Every structure is written in structure tokens, then in C-alpha cells.
Protein chains: 2
Amino acid sequence: MSKNVEISVKNIHVDDAFWNHRIENAVENVIPYQWRVLNDQQPGAAPSHAVMNFKIAAGLEKGEFYGYVFQDSDLAKWIEAASLSLIYKQDPQVMQNLEDVIGIIEKAQQPDGYLDTHYILKKPDKKWKEIAHGHELYCAGHMLEAAVAYYTVTGSDRLLKVMEKNVDLIRTIFGDEEGKLPSYPGHEEIELALMKAYRVTGQQKYMDLAEYFVNKRGHEPGFFQEESFIENSTRDKTMQKDYHQAHAPIREQKTAEGHAVRAMYYYTGAADVALENGDESLVEALRVLWKNVTNRRMYITGGVGSQGDGERFTIDYDLPNDTCYTETCAAVGMAMWGLRMLKIEPKSEYADVMERALYNNVLSGISEDGEHYFYVNPLMVKPDVANYRSDHISVETKRVRWFGCACCPPNVIRTLCGLGGYIYTQKEDAVYQHLYVGNEAVLSTSQGEIRLSCTSQMPWQGEASVTYHGPQGGKVFFRIPAYAKGFSICKEGNPVVYREENGYALVEGGLEDGCTYTISFEMEAQFILANPRVTEDCAKAAVLRGPLVYCAEEADNGPWLNDFRACLETPAELEKRDLFGGICGLKVSGSRSSMECWDADTLYLPAAKVCGREKASLHLIPYFLWNNRGEGEMLVWMNTEA
Amino acid sequence: MSKNVEISVKNIHVDDAFWNHRIENAVENVIPYQWRVLNDQQPGAAPSHAVMNFKIAAGLEKGEFYGYVFQDSDLAKWIEAASLSLIYKQDPQVMQNLEDVIGIIEKAQQPDGYLDTHYILKKPDKKWKEIAHGHELYCAGHMLEAAVAYYTVTGSDRLLKVMEKNVDLIRTIFGDEEGKLPSYPGHEEIELALMKAYRVTGQQKYMDLAEYFVNKRGHEPGFFQEESFIENSTRDKTMQKDYHQAHAPIREQKTAEGHAVRAMYYYTGAADVALENGDESLVEALRVLWKNVTNRRMYITGGVGSQGDGERFTIDYDLPNDTCYTETCAAVGMAMWGLRMLKIEPKSEYADVMERALYNNVLSGISEDGEHYFYVNPLMVKPDVANYRSDHISVETKRVRWFGCACCPPNVIRTLCGLGGYIYTQKEDAVYQHLYVGNEAVLSTSQGEIRLSCTSQMPWQGEASVTYHGPQGGKVFFRIPAYAKGFSICKEGNPVVYREENGYALVEGGLEDGCTYTISFEMEAQFILANPRVTEDCAKAAVLRGPLVYCAEEADNGPWLNDFRACLETPAELEKRDLFGGICGLKVSGSRSSMECWDADTLYLPAAKVCGREKASLHLIPYFLWNNRGEGEMLVWMNTEA
């Protein structure tokens with residue numbers, strides 16, 4: 001494969017009508033809000049203790065460890081997000097907080113490089129003895145990602161030095177050599193972080209360790225001999241090898257199994273390794289897994305993980321809408337993996353999925369005010385049922401301010417602040433624009449610097465303009481989304497000819513310095529059907545417009561949303577709505593039951609005695625906005641007529 | 001209310017084309033089979049130890065108690081069933097087994113009358129200290145029912161004497177008097193048993209205790225102060241007061257709550273009490289609960305209990321088809337309660353529900369060979385999903401030979417052997433025939449003996465003949481089922497005029513000695529719709545014919561049953577099927593997806609690109625017969641066109 005050129009997230013400055021207020025909100029409000037939460041200074045939020053754990057480990061405070069074994073990672077993700085936020089605002093307070101907390105982390109690190117506060121404070125004798133469930137490598141991975149982000153944005157290698165020392169320690173612990181653990185992380189994450197460190201430092205040791213973990217996974221003994229693993233595996237079917245993607249070496253895995261976030265992070269890290277070492281057998285394994293996920297196990301929102309118990313993949317076509325998990329973090333992982341696949345081979349099908357995840361299951365994880373979150377992102381909610389039934393226990397019917405297990409909120413924020421990193425990839429001198437998100441980009445090619453200035457009407461309208469500055473005949477490939485109808489490119493207002501390659505359009509002759517290229521396509525609201533093998537979606541349709549999945553809410557439509565049946569013959573109509581600063585809603589025509597014969601105490605009636613159906617319409621809003629107007633029913637897959 | 005006349009089950013001998021082989025199988029095979037199971041002599045069945053527990057308590061064997069706290073009740077239900085089986089066959093071996101086991105029980109009983117083997121053997125210091133969960137009164141109730149059945153059929157009061165002594169002990173333990181426990185059973189059952197004992201012995205003490213338990217329930221302190229109750233209630237939301245129907249006195253309960261079997265047994269016992277004491281406030285409470293159950297919380301199969309966790313009722317209209325519990329025992333309870341309501345006030349709506357439960361959710365609990373059972377009776381099964389997902393954990397996809405918790409199998413058998421008891425009720429001299437089940441009956445009225453000889457084509461055809469012998473003008477009311485079309489009565493072949501009363505037909509002038517009355521009605525297959533408030537049944541239909549709910553099985557239709565959509569305009573066609581000795585199947589017309597565009601790796605498609613639907617039909621069999629031909633998909637509520 002032709003060589004990937006890494007684009008620094010620092011060089012892509014998002015400036016976009018749709019995303020700006022989300023990023024601004026993240027930068028202005030959420031970064032400080034989450035800082036208060038992590039410091040236990042936010043009333044109403046679940047206690048975090050994440051900073052305090054480091055302070056105690058650093059000897060700066062007295063106390064005991066509190067939280068999950070992976071509590072450190074919440075802080076790590078915040079450091080990453082806060083570092084990325086500096087791209088948009090050099091907030092002195094945030095910079096000071098970062099400096100201060102890195103100082104604490106430096107002090108918390110033990111002389112040998114060890115850093116995990118859970119084991120330092122609570123189980124010092126169990127270090128590296130609970131690989132299956134201990135999350136030491138997971139936490140190290142997130143802190144390494146944080147260190148890379150901090151270094152990339154600020155140029156300071158303070159945290160990177162801490163983490164280099166930590167990685168050096170890990171290298172002495174894991175490996176096939178005598179006296180080392182021939183094992184790999186219980187929760188993948190460090191693989192992709194090591195690859196980030198490799199790219200910014202060029203140091204081979206990072207890549208070697210990532211490669212080791214990726215390839216070793218699924219081999220015995222791994223962590224299968226551990227007491228904690230054996231103990232758990234007998235009790236709980238979710239604690240099996242496949243829960244950890246460790247049931248087979250990756251090249252023998254044909255289906256995505258187990259904990260969805262772990263799987264996504266693993267595939268992402270493996271793709272990073274394949275991208276650098278060019279191992280075609282690894283790429284092929286990833287293609288097989290990608291197909292399994294996106295063709296049989298992915299929700300239309302880009303969400304993955306069909307079951308709360310084990311937060312996991314289940315079986316092909318098992319996609320229940322009300323009892324799914326579809327964790328926000330897993331959708332972030334889906335987007336990350338898609339981005340890596342695009343770096344390996346720029347095909348628009350990867351971008352279609354990445355975009356779907358970002359605009360739907362990722363964005364639904366955060367409220368419009370930025371301070372309320374979803375961990376689980378179902379496609380159908382009846383609050384009374386969800387709050388009663390024990391098989392809906394994972395589902396929250398109202399966004400919450402924080403979680404005891406708080407992986408998702410900072411994950412969304414780092415994704416928002418790092419959104420620039422998802423827009424382009426580059427293969428040698430060819431630049432691929434995957435997302436029509438307004439931005440200013442500076443890219444390097446062997447022919448010289450390219451500057452792209454993009455404005456966009458997405459996701460409401462299929463139009464974006466890109467002004468190109470750079471070498472004559474610049475190779476910038478514009479994505480032709482699967483949903484685009486009548487895709488065209490104009491140069492300074494005049495249509496130009498383009499050729500299509502793997503779902504990307506390249507203007508004949510390349511781009512001309514100083515010219516503005518306008519990309520236009522229609523985005524019709526589309527009724528989408530699911531494969532008849534998907535029990536839960538049979539006789540139902542979802543509505544997509546562009547990258548956005550739509551949903552019906554009780555706030556617009558009253559209760560009993562499932563009674564509505566959409567008429568698929570009548571196209572959904574665009575409705576301008578004043579909600580949330582102005583959005584494109586949709587109106588779907590169809591019918592509802594006449595309720596005359598259905599009083600509250602009539603449970604069953606012969607069809608012949610039912611008084612029929614009345615014309616009705618359903619007002620839809622984008623899925624990511626659901627539950628910003630209080631608790632109520634929500635529905636993505638609606639019943640259909642005929 | 002006019003006085004109920006109790007009809008002895010011994011006086012109704014079922015002789016019916018549909019039921020005979022089921023009862024014969026129960027008598028010939030299942031009673032001996034279950035005896036072997038209870039004696040741990042049946043290979044392949046889960047261990048029971050129920051008889052051994054009594055032997056150990058009797059000092060006849062050494063060993064330890066094994067099983068659930070309610071293990072004794074499995075044996076009690078077998079004794080009841082075996083006693084009832086003697087109506088049909090005076091099997092010397094069964095009679096001997098009964099004598100022997102009663103001898104063991106006599107020996108196991110302690111001098112003060114105490115009998116529960118779990119507490120005798122395992123927790124002697126906890127007798128009457130764990131009322132909430134200990135099941136002592138539940139086991140006593142079942143043994144008392146067994147004693148009444150044994151006495152009724154054989155005339156021997158050996159077991160009844162044991163149980164009278166046991167009840168006398170219970171009377172010294174429970175009550176409002178100083179030093180007694182002002183409490184009531186954790187699991188209701190003894191109330192209805194006490195009322196049976198009251199009826200056969202005429203002893204007021206039985207009824208007094210039943211009345212006490214029924215009315216005391218829901219009052220504090222009950223068992224709410226018990227350690228075991230408090231402990232559990234903090235851990236588990238199912239272990240709350242409402243789980244035990246103890247959240248309020250019965251007259252203040254407006255909805256059916258908690259564990260479905262407990263609720264059914266409670267309402268049955270309460271109805272028995274109301275029937276005898278004529279307390280209109282109690283009758284009214286039961287009417288309110290009946291309406292709540294049958295109008296908002298009952299499956300079309302007569303099943304109740306929408307959730308496996310807590311085996312319980314949930315909320316109005318929450319009727320999921322794949323994750324329901326609908327325990328066989330709860331359906332038995334539904335039938336028992338219906339029968340009691342008929343005794344209070346003969347209205348055919350009670351009989352409609354009783355019949356629905358018996359022919360569907362009760363009968364589905366036992367295989368055609370009589371030796372394989374369902375505990376949980378879902379209305380939709382996808383085996384791969386049910387076997388994988390943890391929220392389907394209660395669902396068995398194959399009938400099993402026995403259960404560790406084995407309440408259901410003997411419950412079905414005692415119901416089959418006691419089926420005669422469900423056919424008629426009597427108010428003073430008026431006899432009501434609720435079920436068209438062939439039988440020979442001997443009834444007493446103030447005018448003299450009535451003999452009824454009934455033959456029936458039900459449930460396959462709406463025809464039954466009743467030959468009447470007895471006083472001139474006999475008042476026998478024939479039920480007009482809700483599903484009957486063109487109900488008519490002929491006397492010796494000639495139509496006669498009848499008047500209708502609460503859904504029952506009384507021939508003008510009453511019945512004539514020696515005459516045969518033929519009841520005829522059409523039973524069309526009906527598409528049934530559910531209230532739009534029932535999310536899971538929206539845009540779906542079930543098919544009923546007479547009392548039978550129908551279902552589609554993979555064995556007849558291939559997989560992906562949910563893809564089928566029924567055309568409700570085309571009536572379902574009757575199909576004679578050779579299965580199971582000859583049944584009426586049904587064929588429903590409709591459509592299936594053309595699968596050309598839906599290969600296994602196409603998950604979603606725009607509706608406009610879907611290649612359409614093909615005409616298809618679905619072959620249905622009666623629900624109670626499902627899973628007699630191996631594992632496969634099963635579906636009651638099918639999607640519909642338009």
C-alpha cells in the first residue's frame with residue numbers, strides 16, 4: 001500500500017456552522033466542568049476522586065483510593081481533551097490545570113516508572129498480577145494518548161517523559177523472553193496509544209510493543225491462568241475469552257466478539273500497526289472483522305454492542321432496539337477504527353460508517369448543554385418500561401450529569417476537540433477529504449504545502465466549498481457519500497469533470513491554486529429497511545437524511561409511537577424547526593389507530609371489530625438530539641404500512 | 001349471591017376425544033414417571049430428592065436435606081395428581097405408592113404436628129422465623145390440597161389427619177392473639193387449600209384461618225420485620241412488598257403486582273373465602289384485580305408474568321413476547337382463579353379466560369409425550385437469540401425432562417387429572433357448563449340427581465352434545481363462548497329457543513329427561529389485534545380459532561418468521577394436518593421479502609432499492625403444540641400488511 005502521511009490534529013482547525021458551538025461549548029464549559037467533576041467540586045455529579053487518587057499516590061494528600069480500577073483513565077482522557085482544546089483556545093486556567101496535574105502525575109510515578117494509582121494505593125502486591133481485569137495497561141494507554149496530545153499541541157514533553165518511563169517499565173514486564181509475562185492487555189487501548197507515541201517520537205520501541213500485544217493476543221497462556229480470570233469465567237459467561245477478544249489470534253477471528261469498546265480499540269490499534277508494518281494478513285483480518293461488524297452487527301446509528309450484560313457483541317443480526325447497549329465509547333471506537341481503515345485504504349464505505357457513528361451514536365452521548373450524558377444509546381425507549389424492567393437496566397431514560405463509571409463523557413469531549421483529525425487522511429501526496437466539516441487545514445506534500453479552507457452546510461444541506469492553495473494539480477479527493485444524489489463539483493461556479501475512485505472524486509487535472517471548488521449533492525430523506533434476518537426491524541423503517549439518523553420523540557408526537565405506521569410511498573417532508581438553534585426536522589406521513597374502540601381496558605379485539613386507522617404524521621428530529629427536552633418515548637425504527 | 005353448590009371432582013369423569021389421550025398419558029405414564037423422578041430413579045432428569053427428604057425426616061434413611069425450601073411441595077402435588085388419577089384408573093401400584101409415601105409422611109411429622117422437611121432437617125431453629133421466603137405455609141398448603149384430593153377420591157383420611165394436626169399447629173402460631181405471629185404466608189397457597197379442607201370436612205377452623213390470612217395480608221408487621229425480608233429487599237427490587245402482594249390490604253389493591261403465581265393463588269384463595277362468606281367488598285376487590293389482569297396484563301395465551309426477574313407482573317401493557325415469563329404454574333393459577341370467579345358469579349367472560357389459559361399456556365407446559373416440560377412459555381422464540389442473550393435467560397428453547405425448581409410439571413398433571421373440576425359449576429339448582437369437554441357427570445340438586453353425558457368436537461369444531469337425565473325442566477346453562485358465531489341449540493335434532501344470561505344459554509322451559517341437546521357454533525379463525533398501548537404487538541396480529549391460539553413454527557415455515565406479513569383481508573384457511581394424531585392447522589396468506597437484494601452481508605438498504613415482497617403463506621399450528629418437533633423459531637404475533 002502507498003504510504004500514509006500522518007496529519008497532525010494541530011494543523012486542522014475546525015470552523016463549522018454545525019460543529020463550532022459544540023466544540024466551543026466543550027472548550028468553554030465542558031472542559032472546566034469535567035475538571036471540577038474530576039476534582040470532586042461539582043455538586044450533583046457522581047463522585048470521581050480521579051485527581052485525588054493521584055494526589056494521594058504522589059504523597060500530597062492522605063486518603064484511600066476510590067473508584068474503579070480504571071479511574072485513572074478518566075483523568076487521562078480529560079488531559080487529552082484539555083490538550084486538544086488548546087487548539088481552539090489557549091485558556092490560561094486550563095493550561096495551568098494541565099501543568100499542575102502533570103506535576104502531580106510526575107510525583108505519583110514510582111521510581112521504576114510504575115504509575116497506576118489503584119495498584120499503588122490499594123493493591124501494591126498485585127501489580128501486573130491481574131492483567132485480565134486490572135486495567136493497568138488500559139490506564140497506561142490512555143495516559144500515553146494524553147501525553148501525545150499534550151506534546152502535539154503544546155510541544156511540552158513533560159507527560160510524554162513520564163509515560164516513556166512507564167512504557168519502558170512495561171517493556172520489562174511483557175514479552176516472550178524468559179522471566180517476562182507472555183501476555184497482553186485485558187482491555188485493549190495501549191496498542192493504539194503506543195502507535196501514536198511511535199508516530200510523534202519515531203521511536204521503534206513503542207511500535208514493537210504495540211505489535212507484540214496485537215499479535216500475541218489470543219495465544220495462551222495470556223492471562224487465562226490468572227486466578228481472577230478463572231474465578232470470573234466460571235461465574236459469568238461474559239467473562240470468557242471472547243469477552244476479551246482473546247479466544248483466537250486476530251487472523252483467525254472472523255466475527256467481532258465480546259466487549260464492544262475493547263474490540264473497537266483492539267481493531268483500531270491493530271489497524272495502526274498494519275498501517276505501519278504493511279502486514280497484509282493483518283489488514284485482511286481487519287477487513288473480515290469490519291465486514292462482520294458493519295454488515296451484521298452494527299446499528300444504523302453506527303452503534304455496536306447489542307447487549308448490556310458484558311457490554312458486548314452478541315450474534316449476527318441480533319440488534320434489539322430497546323435493550324441494546326451501543327455505548328458512546330464503542331461508537332467513538334467505531335469512528336477511530338474507520339479512520340484507521342481509511343488511512344490503510346481510502347474507500348468511502350469506511351468514511352460512511354465513521355461519519356454515521358460520529359453524527360449519531362457519538363453525538364447522542366452528550367446533551368446540547370454539554371453537561372449531561374448518555375452511556376447507553378438505545379434506538380427505542382419507553383420510559384415506563386425502561387425504568388421498570390430489569391432487562392432494561394442499562395438504559396437511562398434521562399441524560400445524567402456524570403457516571404460512577406465515567407468513560408464516556410470525556411471520550412466524547414476528546415472526540416469533539418479532536419474532530420479535526422477525522423476530516424482528512426493523506427496517502428503520499430494525495431489528500432482525501434472524508435468529512436464535509438468546515439475547517440482550515442495545512443498539509444505537507446512532497447510538492448509543497450497545501451492549504452485548504454472549507455466551509456460546509458452539512459449535515460443540513462449537501463454543499464461544501466473548498467478553497468485550495470498549493471502546488472498546481474493538487475490531488476485532493478472529495479468523498480462521494482453513499483447517500484449523495486447528483487454529486488457535482490464546480491470550480492469557481494463552473495461544473496468540472498471528475499473521476500471516481502473508491503467513492504472519492506478527483507477533479508480532472510487536480511486542483512488549481514487559489515481556486516474554490518464547490519461540492520454539491522442532494523440529500524433526500526430516505527426510508528431505510530433492515531435485512532429480514534434482523535427480527536427487531538422487520539416490517540419497520542428508519543429514516544436517514546445525509547449522515548443523520550432521525551427519530552420520533554414523544555415531545556413532538558405524544559405517546560404510543562409504535563402505533564404509528566409510516567407510508568413509504570410518500571416521501572418524508574423537510575420541516576424547519578426552531579429547536580436547538582434551528583434544525584432540519586422531517587415529517588413522515590402514515591396512520592395511527594383510531595382509538596375509539598381501544599379504551600384503556602380493551603386489550604385484544606378481533607381485527608374485524610377494530611375501528612380502523614386514521615391518517616397521521618410523525619415529526620422527526622435528528623437522533624443525536626433526543627432527550628434534550630425531558631423524558632419521553634423515542635423511536636428510530638417505526639412500523640410501516642404495506 | 002345465590003349459593004354455590006360444590007361439585008366433587010370425583011363425580012365428573014372426563015371422556016373426550018381431545019383430552020382422553022392427554023389424561024391417559026398422565027395416568028399411565030406421567031404419574032409413574034414423576035414418581036421415579038421424585039425418588040431419584042429417573043435417568044436424565046434433574047435430581048429431586050423430595051421423597052428422600054421425607055424419609056430422612058422420618059428417620060428411615062440417613063442423609064441431608066437437598067433441594068429448594070419448597071421441595072416438599074413437588075411431592076405434595078404428585079400426591080394430589082396421583083390421587084386424582086385414581087378417578088380414571090385404580091392402578092394398584094400407584095395406590096401402593098400413595099399408601100407408602102403417606103406412611104413416610106406420617107412418620108416424618110413431628111409430635112407437635114410440624115412437617116416441613118427443609119426446616120426439620122436443615123434449619124430446626126428457624127421454624128416459623130422465615131415466613132417471607134421459607135415456604136412452610138406454601139408446602140403445608142400443597143400437602144393439604146393433596147390430603148383433600150386423596151380423601152375425596154379414596155375416602156381415606158390418613159393424610160387429612162396428618163394435615164389437620166399440621167393446621168392445628170399453624171393455628172397456634174398465626175393470629176392476632178398475644179404471643180402469636182400476626183403474619184401471613186410469604187407464598188400464598190394455603191388459603192385455597194384451607195378452603196378445600198373446609199368444604200370437605202365442614203370444619204370452621206379451616207375457613208377461619210384462610211379468612212385470617214386473606215384479610216391480614218398487606219397489614220404490618222406481617223413478615224416485613226424479618227431479617228431475611230429486610231436483607232433481601234435492600235438487594236433486590238423484586239423482593240419488595242408488592243412481590244408478595246403484601247404492599248396493601250387486598251381491598252386497596254387495584255393492580256396485580258409481584259410474583260405471578262403467588263398473585264394467582266392469592267386471588268384464588270380470596271375468591272374461595274368470598275364465595276363462602278359472601279363478603280361483597282372482597283368480591284369487588286377481586287373484580288378490580290381480574291379486570292386489571294385480563295384487560296391490561298394478560299397474554300393472549302392466558303399467560304401472566306411479563307418478566308423473568310421476580311417471575312412477576314410488571315406494568316400495564318408491558319407484554320413482551322420473547323422475554324416474558326408466563327410460567328405454566330401462573331396459567332394454572334389463572335384457570336383456578338377463573339373457576340372461582342365463575343362460582344361467585346357465572347359470567348362467560350371468566351370462562352373465556354379460564355378456557356384460554358387451559359388450552360394454551362397450561363397445555364404448552366407439557367409435551368405430547370408427557371415427559372418434557374416448559375416452565376416459561378414465551379410467545380416468540382428465536383433459539384439462537386434465546387440461547388445467547390442474558391435477558392432471555394429464563395427461556396428454554398427445548399422442552400426439558402425436569403427442573404431443579406420443579407413446580408410446573410406436577411402442576412400440569414394435577415390439572416389434567418382434575419380437569420373434570422373445571423367443566424361445571426352449580427348455583428343452587430342451576431348448573432353451568434363452562435367447557436365443552438366430553439364427560440359423564442353426576443350432580444345433585446334439590447329436585448334430585450342430574451346426570452349429564454357430554455360428547456364434544458372441541459377444540460377443533462364448535463359442536464357438543466349433552467344428554468340430560470334428571471328432573472323435568474333441568475336448569476343447565478350452556479356457555480356461549482365469546483368466539484362462537486351462530487350459536488344454536490337443538491333438542492333431538494330440532495332447534496329450540498334459549499334465553500341468554502351473562503353469556504350462557506338456557507333452553508326455554510329447561511331440559512327434558514332423556515333428551516339430547518346439541519350445541520353448535522361456528523369457530524372461524526380470527527385475526528386478533530392488541531391495544532395500540534401494547535408496544536410489542538403494534539402492527540402485528542395473532543390468530544385465534546375457538547379457544548386455541550395459533551403459532552408459526554420454523555418446522556413448517558423455515559426461519560425468519562418475523563419477515564412474514566399477514567394479509568388480514570384474506571381469511572386464514574383451515575388445514576387438516578396429520579401431526580400429533582390429526583389436528584386443525586391454519587394457513588395464513590401474506591408476503592415475505594424477496595431475498596435477492598438481501599444477501600447475508602447486506603444489513604441496511606434504502607427502501608427504494610429493496611426488490612420488494614413476494615406472496616407467501618404461513619402454516620400455523622396450535623400454540624400448545626409448539627416445540628414438539630425439535631428446536632426452532634416460533635411466533636404468535638406476526639407482522640401484518642397494511
Side-chain angles (χ1 to χ4, degrees), chain A residues 237-238 291 294-298 300 306-310 314-318 320 323 380 382 384-385 388-391 526-536 538-542 544 559-560 562-563 565 568 592-593 595 598 600-608 610 639-642, chain B residues 237-238 291 294-298 300 306-310 314-318 320 323 380 382 384-385 388-391 526-536 538-542 544 559-560 562-563 565 568 592-593 595 598 600-608 610 639-642:
Chain A
K237 87 167 185 168
T238 66
K291 277 187 189 160
T294 59
N295 296 345
R296 300 187 182 197
R297 301 187 174 201
M298 187 185 76
I300 196 166
S306 297
Q307 176 171 292
D309 182 17
T314 58
I315 56 175
D316 287 352
Y317 315 116
D318 178 44
T323 55
M380 169 172 131
K382 275 204 80 200
D384 55 351
V385 171
Y388 193 97
R389 290 188 67 90
S390 60
D391 50 12
Q526 293 181 304
F527 290 111
I528 303 292
L529 306 186
N531 193 304
R533 294 167 178 88
V534 184
T535 301
E536 306 267 350
C538 281
K540 294 183 196 286
L544 266 180
W560 314 326
N562 273 275
D563 179 44
R565 296 188 210 165
L568 304 191
R592 276 185 180 265
S593 295
M595 294 301 285
W598 291 116
D601 282 315
T602 301
L603 191 49
Y604 304 113
L605 278 179
V610 171
N639 285 309
T640 59
E641 294 180 345
Chain B
K237 86 167 186 168
T238 67
K291 279 189 187 157
T294 59
N295 295 345
R296 301 188 182 196
R297 299 186 176 202
M298 187 184 76
I300 195 166
S306 298
Q307 176 171 292
D309 182 19
T314 57
I315 56 175
D316 287 352
Y317 317 114
D318 178 45
T323 54
M380 168 172 133
K382 275 205 82 201
D384 56 350
V385 171
Y388 193 98
R389 289 188 66 90
S390 60
D391 50 12
Q526 292 181 305
F527 290 110
I528 304 292
L529 306 185
N531 192 305
R533 292 168 178 87
V534 183
T535 300
E536 306 267 350
C538 281
K540 294 182 197 287
L544 267 180
W560 315 327
N562 273 275
D563 179 43
R565 295 188 211 165
L568 304 191
R592 274 184 181 266
S593 293
M595 293 302 285
W598 291 117
D601 281 315
T602 302
L603 192 49
Y604 304 112
L605 279 178
V610 171
N639 286 309
T640 59
E641 294 180 344

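Computed over heavy atoms, backbone and side chain alike; hydrogens, waters and symmetry mates excluded. So you know, we letter chains A, B, ... as the sequences are listed, proteins then strands, and number each from 1. Because the structure is predicted, anything quoted here is derived from the model rather than measured.
No part of Ala541(B) comes within reach of chain A, as not one of its non-hydrogen atoms sits under 4.5 angstrom from that chain. Only the side chain of Pro320(B) comes within contact range of chain A, with heavy atoms under 4.5 Å apart. Neither the backbone nor the side chain of Arg592(A) comes within contact range of chain B; no heavy atoms are under 4.5 Å apart. The contact between Arg565(A) and chain B is made entirely by side chain atoms (from C-beta outward), counting heavy-atom distances below 4.5 Å. Within the 4.5 angstrom heavy-atom criterion, only side-chain atoms of Ser593(B), from C-beta onward, approach chain A. Contact of Ala542(A) with chain B is not made at all, since no heavy-atom distance falls under 4.5 Å. Residue Ala530(A) touches chain B through both its backbone and its side chain, counting heavy-atom pairs closer than 4.5 Å.
Contact of the Ser306(A) side chain with the Arg389(B) side chain is registered, since non-hydrogen atoms from C-beta on lie closer than 4.5 Å. The shortest side-chain heavy-atom distance between Arg296(A) and Leu603(B) does not fall under the 4.5 Å cut-off. Side-chain contact between Glu536(A) and Val385(B) is absent, with no heavy-atom pair separated by less than 4.5 Å.
The greatest number of non-hydrogen atom pairs below 4.5 Å with chain A, out of Ala607(B), Ala600(B), Gly308(B), is found for Ala600(B). Note: Arg533(B) leads Arg533(B), Met380(B), Arg297(B) in heavy-atom pairs under 4.5 Å with chain A. With chain B as partner, the option from Thr640(A), Asn639(A), Thr602(A), Leu605(A) having the largest number of non-hydrogen pairs under 4.5 angstrom is Leu605(A). Between chain A and the options Gln526(B), Met595(B), Lys291(B), the largest number of non-hydrogen pairs under 4.5 Å is found for Met595(B). When each of Leu568(B), Asp601(B), Asp563(B), Leu544(B) is checked for heavy-atom pairs under 4.5 Å with chain A, Asp601(B) comes out on top.
Checking each of Asp309(A), Thr323(A), Asp391(A) against Ser390(B) for a side chain to side chain contact (heavy atoms under 4.5 Å, CB included) leaves exactly one that passes, namely Asp309(A).
Between the side chain of Tyr604(B) and the main chain of Ile300(A), a donor-acceptor pair closer than 3.5 Å is present.
Heavy-atom minimum distance, Ile528(A) versus Pro606(B): CD1-CA, 3.8 Å. Residue Thr535(B) comes nearest to Asn562(A) through the heavy atom pair CG2-ND2, 3.3 Å, listed as atom of the first residue, atom of the second, then distance. Annotation for Trp560(B) and Pro532(A): closest pair CB-O, 4.2 Å, computed over non-hydrogen atoms.
Here the CG-CG distance, from Asp384(B) to Asp316(A), works out to 9.0 Å after rounding to the nearest 0.5 Å. Within the model, atoms CD1 of Ile315(A) and NZ of Lys382(B) stand 6.5 Å from one another, a figure rounded to the nearest 0.5 Å.
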